[in-house]
Amino acid sequence: MAKLSLSLFAADILQMNEDLQQTRRSGITSLHVDIMDGHFVPLFGLNPVWLKQIKKVYSIDQDFHFMAYMTKEMLEPYFSLEPVGITIHLEAGKKKENLEILQQIKGKGIRAGIAISPESEWEEIKPYLDEAEEILVMSTVPGREGSVFIESTYEKIRCIKHLITEQKRNTMLSVDGGLNLERALDCIRNGADRIIMGRAFFGSSQKKELVKEIVEA
Ligand SMILES: O=C(CO)[C@H](O)[C@H](O)COP(=O)(O)O
């Protein structure tokens, strides 16, 4: 059984409520929220004020993916939104600071994740394995509109999964960016535990079936 999260980045801002209701009706049980700083990545994402409004009417599990240069202080307003997970990028900080932030997240009882961008070698996640409870493999260039799926992702997933299994860890392996049904199933076959999907979900005329195929894979 795989997990599936809807990427809020792909929702239509002018019909956010309807898009979220569609997500609920289709059987998706968690939401993936991109927090972008316009610096680590070119786009800006949602802020805690808007996320609080969304949470009021739509109380589904949420995880926050920070595509941002981090400080410990900036996480505080997000903790009060009680996400199930927070992921930071290994490329966005030095190892020591990144590890401290992962510890800070775990200290709040929140799943701590480390994300890896397509340009980084898979081995770069090794120093984070003791602290990270999730590894998020970006399968597109992060924080840009219309990014396309990168085929070498499958190999990256295989290598990371092999390491997790070899070391007998419970680390969740997630994949995010440019996924459709076929690619999602291929990622799961290669070792992914969680699929993050946006555009392909909203573009599908058979949302319930799409969700069922992925979560039952
Ligand atoms: O991280 C992201 C953008 O940087 C999005 O979460 C990701 O692109 C998922 O959306 P889609 O399935 O539409 O590509």
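Just follow the structure's listing: the first ligand is 1, and inside any ligand the first atom is 1.
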Just let me know how Arg199 lines up against ligand 1, side chain, backbone, both or neither, with a heavy-atom cut-off below 4.0 Å.
-> both

What part of Met36, side chain, backbone, both or neither, has a heavy atom within less than 4.0 angstrom of ligand 1?
-> neither

Where does the angle between the aromatic ring planes of Phe149 and Tyr154 fall among parallel (under 30°), tilted (30 to 60°) and perpendicular (over 60°)?
-> tilted

Anything under 30° is parallel, anything over 60° is perpendicular, the rest tilted; go ahead and classify His89 against His65.
-> parallel

How close does the nearest protein non-hydrogen atom get to [atom], and which residue and atom is it?
{"atom": "atom 8 (O) of ligand 1", "value": "Gly177 CA, 3.8 Å"}
{"atom": "atom 2 (C) of ligand 1", "value": "Asp34 OD2, 3.2 Å"}
{"atom": "atom 4 (O) of ligand 1", "value": "Gly143 N, 2.7 Å"}
{"atom": "atom 12 (O) of ligand 1", "value": "Gly198 N, 2.9 Å"}

Using a strict cut-off of 4.0 Å, indicate which atoms of ligand 1 neighbour a heavy atom of [X].
{"X": "Pro142", "answer": "4 (O)"}
{"X": "Gly178", "answer": "11 (P), 12 (O), 14 (O)"}
{"X": "Ser7", "answer": "5 (C), 6 (O), 9 (C), 10 (O)"}
{"X": "Met197", "answer": "12 (O)"}

For side chain to side chain donor-acceptor pair (under 3.5 Å), just list the numbers for Ser120 and Glu91, CA-CA rounded to whole Å, side-chain angles, deciding distance to a tenth of an Å, and then say yes or no.
-> CA-CA 8 Å; Ser120 299; Glu91 300 86 2; 2.7 Å; yes

With a 3.5 Å cut-off and no angle check, do the side chains of Arg25 and Gln22 form a donor-acceptor pair?
-> no

Counting heavy atoms only, which of Asn180, Asp176, Leu6 comes nearest to atom 1 (O) of ligand 1?
-> Asp176

N/O donor-acceptor pair under 3.5 Å between Asp37 side chain and Tyr69 backbone = yes

Does the Lys108 side chain pair with the main chain of Phe79, one donor and one acceptor, at a distance under 3.5 Å?
-> no

Out of curiosity, does Leu163 fall in the hydrophobic cluster containing Met138 (side-chain heavy atoms, cut-off under 4.5 Å, transitive links)?
-> no

Lys95: what forms a side-chain contact (heavy atoms from CB on, under 4.5 Å) with it, not counting sequence neighbours?
-> Leu99, Pro127, Tyr128

